[in-house]
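As structure tokens, the structure follows; a few thoughts come after it.
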Amino acid sequence: MKILVTGVTGKLGTKIVETLLKSVPADQLAVSVRNPEKAEGFRARGVEVRQGDFDHPKTLDTALTGIDRLLIISADGDNETRIRQHTNAVAAAERAGVKFIAYTSLVNAKESKMFLSPPHKATEEAILRTRIPYSFLRNNWYLENEISSIQGVLAGAPWVTSAGSGKVGWALQQEYAEAAAAVLAEDGHENTVYELSGKLMTQEQFASALGEVLGKDIPVQQVDDEAYADIMKGAGVPDFLVPFLIGIQQGIREGGLEVESNDFEKLLGRPATPVREALTQIVRGMPSSK
């Protein structure tokens with residue numbers, strides 16, 4: 001059996017391969033990256049490094065030769081770019097005769113109205129059309145996405161949000177990585193959909209948990225999207241990122257991440273780490289907390 005993971009130079013991809021190496025022999029693992037020199041660390045440990053570029057299908061044909069089980073990690077970029085790139089990867093997998101495709105998707109991707117959802121819905125549909133056995137890993141939200149806001153709180157800022165009473169299923173990126181690794185390394189995950197979510201929490205509940213970790217009261221400042229944009233710009237967020245952040249807040253406010261399940265427990269044998277405990281790990285790992 002040969003397993004290949006795409007996008008391993010990113011934080012999630014790195015964690016997935018590191019997790020796989022604990023249970024799968026290195027010679028059964030391959031990674032596909034646009035710039036192979038960035039994956040030399042894996043090559044040195046016996047992982048096969050292949051060159052593959054989602055924008056150049058011929059490179060994907062070579063990268064996927066002889067691969068049995070594939071994980072496509074969703075790419076970065078605007079929706080149109082991601083749809084094109086993911087579709088290229090799925091088509092290459094079909095041409096190569098890949099026997100199983102796992103994909104890191106978005107919570108409730110098929111029905112979601114979040115602005116992030118179109119590439120995930122399109123990719124899931126493309127995989128289904130191939131009739132190749134699949135597993136969709138519908139990730140909720142990485143706790144690490146909140147690090148910049150946590151740093152702001154440490155500097156004395158309130159917890160600012162325009163997400164209203166919308167709830168989020170935060171979990172550590174490492175746990176999403178472990179779930180993906182389990183699906184790749186074990187049989188029995190054919191034609192499955194996993195909604196991977198921690199316990200659903202509002203912004204106020206999250207800020208309260210963070211306050212317990214930091215030993216301080218954290219005021220929550222609920223604002224509208226326009227005020228949120230102004231605050232983000234004032235905090236130094238680049239202009240091109242502000243609409244993205246507003247879209248996330250809007251999606252949360254409208255219930256886009258309010259999907260809770262026990263699928264982490266199915267894949268890891270335990271629930272996701274409770275947010276307070278997970279936040280303690282995050283805070284301890286931040287330079288400003290040392």
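For this chain, numbers begin at 1 and follow the sequence in order.
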Check ion pair [X]-[Y] (N to O, under 4.0 angstrom):
{"X": "Glu190", "Y": "Lys99", "answer": "no"}
{"X": "Glu80", "Y": "Arg82", "answer": "no"}
{"X": "Lys15", "Y": "Glu18", "answer": "no"}
{"X": "Lys2", "Y": "Asp68", "answer": "no"}
{"X": "Lys266", "Y": "Asp263", "answer": "yes"}

Does any donor atom in the side chain of [X] or [Y] lie under 3.5 Å from an acceptor atom in the other side chain?
{"X": "Glu195", "Y": "Asn108", "value": "no"}
{"X": "Ser162", "Y": "Asp225", "value": "yes"}
{"X": "Gln222", "Y": "Gln203", "value": "no"}
{"X": "Ser32", "Y": "Gln51", "value": "no"}

Is the count of non-hydrogen atoms from other residues, nucleotides or ligands lying under 6.0 Å from [X] atom [atom1] greater than 12?
{"X": "Asp76", "atom1": "CG", "result": "no"}
{"X": "Lys38", "atom1": "NZ", "result": "no"}
{"X": "Glu226", "atom1": "CD", "result": "no"}

Using every non-hydrogen atom in the two residues, find where Phe54 and Gln85 come nearest and quote the distance to one decimal.
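Smallest heavy-atom distance, with atoms named: CB-CB, 3.5 Å.
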With ring centroids as reference points, do Trp170 and Tyr142 lie under 6.0 angstrom apart?
no
Mind checking whether His189 and Tyr194 have ring centres under 6.0 Å apart?
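Ring centres of Tyr194 and His189 closer than 6.0 Å.
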Quick check against the 3.5 Å criterion: does Thr87 have a side-chain atom that pairs as donor or acceptor with the backbone of Ile83?
yes
